[in-house]
2 protein chains.
Amino acid sequence: MSSLSDESRNAFFSAFKTWDVPKEHFLVKEEQVCNYIFFVAKGAVRIFYHKNEKEITEWIALDEEFLLSIQSFFQRSPSRLIIQTLEPSEIWGIYYDDLIRLATAHHDIETWFRKLPSAALILAQNRMDSIQFETAHQRYQNLLNQHPNIIKRVPLTYIASFLGITIETLSRMRAKQ
Amino acid sequence: MSSLSDESRNAFFSAFKTWDVPKEHFLVKEEQVCNYIFFVAKGAVRIFYHKNEKEITEWIALDEEFLLSIQSFFQRSPSRLIIQTLEPSEIWGIYYDDLIRLATAHHDIETWFRKLPSAALILAQNRMDSIQFETAHQRYQNLLNQHPNIIKRVPLTYIASFLGITIETLSRMRAKQ
DNA sequence: AGTGTTATTTGATATTTGTCAAATCGCCGT
DNA sequence: ACGGCGATTTGACAAATATCAAATAACACT
């Protein structure tokens, strides 16, 4: 994003649609195609999937963060991931076809756009790393350091699910500072 | 790959270079750019990275499997991942520039190529899922079912590292069938 | 074949985290 | 302010896996 020219950036932001959505509104439902790259202008949104009967939180985006189902958006296929607001939120979104049009017209947008999946892959690998090699306590501390607002604003269930631990364990960690 | 026309497939395979490499040969060293998509025609290759002082196995490819550092190959940036043979192997590789040339000439190759990062993302997410929600024993059983040859041919250290458990635990699992 | 080296197995114990149950807190609507 | 209900905390205990140490097995080289 920082790599875009002013002109491209303007074109990019002009293409956004905006919505005011209530709490627990679905931006992408299960098996829907994710047609937008979303930007959470204000609010809180979780991205999760179903595993057995449970809902597994993959990420929680607060104010001024992008999110989407990369796989669904890029492969134009139904999404395993579900995207839902946790608070009343102001959401922006750029539609797939519009983004393709922009990418055709602006080479730097094209470049940015093309890098998204492999950038997401790096994030996924980092997260895997953290689940595999860090203790639950370290993961909690990292989240606390890097995203204190998530800890403050979001109910324990979602955080515990994101960290891959039980609510009880998370509660105990929180207790000893 | 199965989606390619015969013509494209021929063009694709003609573009491969081939090498006979000894055991413990590096196909990609740390911080090098991964310039090839590799195909392990015969042999065994591990892909791993350094975490603290340790080597973490990300995957082990045996005969007739593709592998590469997606992130490095697509972003043209230094690889965190290291690729090294575990046995004397016959390796094929298609060079980045050649693949780009092919993708320009053959639309189905372009499509295949473009999907690689988001396809890899799905695999990464599945693996994360398995690390997060399956027990070590389940992961071992799955590997045994899906890739029995890895268990047979590859030293415990690499397998244990891939499964995210200690050698001792793996040895014990193996003991009780 | 014999020796040194590395890989694997086995045992005892510690640690981390999960599970189940119950108590308490905090918020929402009236 | 009150009652109710979901969210969070706390406790006791169980399960899975790691750690450390030692024994044994497999292998590579002369």
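Letters A, B, ... are given to chains in the order of the sequence lines, protein chains preceding strands, and every chain is numbered from 1.
The interatomic distance linking B/His137 (NE2) with D/dT17 (P) rounds to 9 Å, in whole Å. Atom CE in A/Met173 sits about 15 Å away from atom C1' in D/dT8, given to the nearest Å. In this structure, the OH atom of B/Tyr140 is 14 Å from the P atom of D/dT17, given to the nearest Å. Taking atom CG of residue A/Leu170 and atom C1' of nucleotide D/dA7, one finds them 12 Å apart after rounding to whole Å. A/Glu168 places its CD atom 15 Å from the P atom of D/dA12, with the value rounded to the nearest Å. Per the geometry, CD1 belonging to A/Ile167 stands 7 Å off P belonging to D/dT8, to the nearest Å. A/Arg153 places its CZ atom 19 Å from the C1' atom of D/dA7, with the value rounded to the nearest Å.
Relative orientation of the B/Phe48 and B/His50 rings is perpendicular, given thresholds of 30° and 60° on the angle between their planes. The aromatic rings of B/Phe66 and B/Phe16 sit tilted relative to each other, their planes meeting at an angle between 30° and 60°.
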> Does the side chain to side chain contact (heavy atoms under 4.5 Å, CB included) test come out yes or no for A/Phe26 and A/Gln32, once each step is laid out?
Replying inline: CA-CA 11 Å; A/Phe26 288 96; A/Gln32 254 182 220; over 6 Å; no

>> Determine whether B/Phe133 and A/Lys51 satisfy the following criterion, side chain to side chain contact (heavy atoms under 4.5 Å, CB included), listing intermediate values before the conclusion.
In response: CA-CA 9 Å; B/Phe133 300 109; A/Lys51 167 93 183 178; 4.0 Å; yes

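Using a 4.0 Å cut-off between a side-chain N of Lys or Arg and a carboxylate O of Asp or Glu, A/Glu110 and A/Arg114 qualify as a salt bridge. With salt bridges taken as basic N to acidic carboxylate O contacts below 4.0 Å, none links B/Arg9 and B/Asp108. Ion pairing between a basic and an acidic side chain is recognised when a charged N comes within 4.0 Å of a carboxylate O; B/Arg46 and B/Glu58 show no such pairing.
Across all strands, B/Ser171 comes closer than 4.0 Å to base atoms (heavy-atom distances).
Between the two ends of the helix from C/dA1-D/dT30 to C/dT30-D/dA1, each summarised by a five-pair axis, the helix axis turns through 50° (rounded to 10 degrees).
On the nucleic acid side, DNA chain C has its first and last nucleotide under 4.0 Å of a heavy atom of chain B at C/dT8 to C/dA12, going 5' to 3'.
In this structure, the ring of B/Trp112 has its center less than 6.0 angstrom from the ring center of B/Phe12. Aromatic ring centres of A/Trp59 and A/Phe162: separated by under 6.0 Å.
Residues A/Tyr49 and A/Tyr158 share a hydrophobic cluster, clusters being chains of Ile/Leu/Val/Met/Phe/Trp/Tyr side chains in contact below 4.5 Å.
The side-chain tip of B/Lys115 does not point at the ring of A/Phe74 from less than 6.0 angstrom away and within 45° of straight on. Taking the ring axis of B/Tyr96 as reference, the NZ or CZ atom of B/Arg76 stays within 45° of it and closer than 6.0 Å to the ring centre.
For B/Arg139 against D/dT17, a side-chain-to-base donor-acceptor contact under 3.5 Å is absent.
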Distances under 3.5 Å only, N/O to N/O: pair up the protein atoms with those of nucleotides 28-30 of chain D.
none

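In this structure, of D/dT9, D/dA21, D/dT17, it is D/dT9 that holds the atom nearest to the side chain of A/Leu156.
Note on B/Thr169: a side-chain N or O is less than 4.0 Å away from OP1 or OP2 of D/dA18. OP1 or OP2 of D/dA18 sits under 4.0 Å from a side-chain N or O of B/Thr166.
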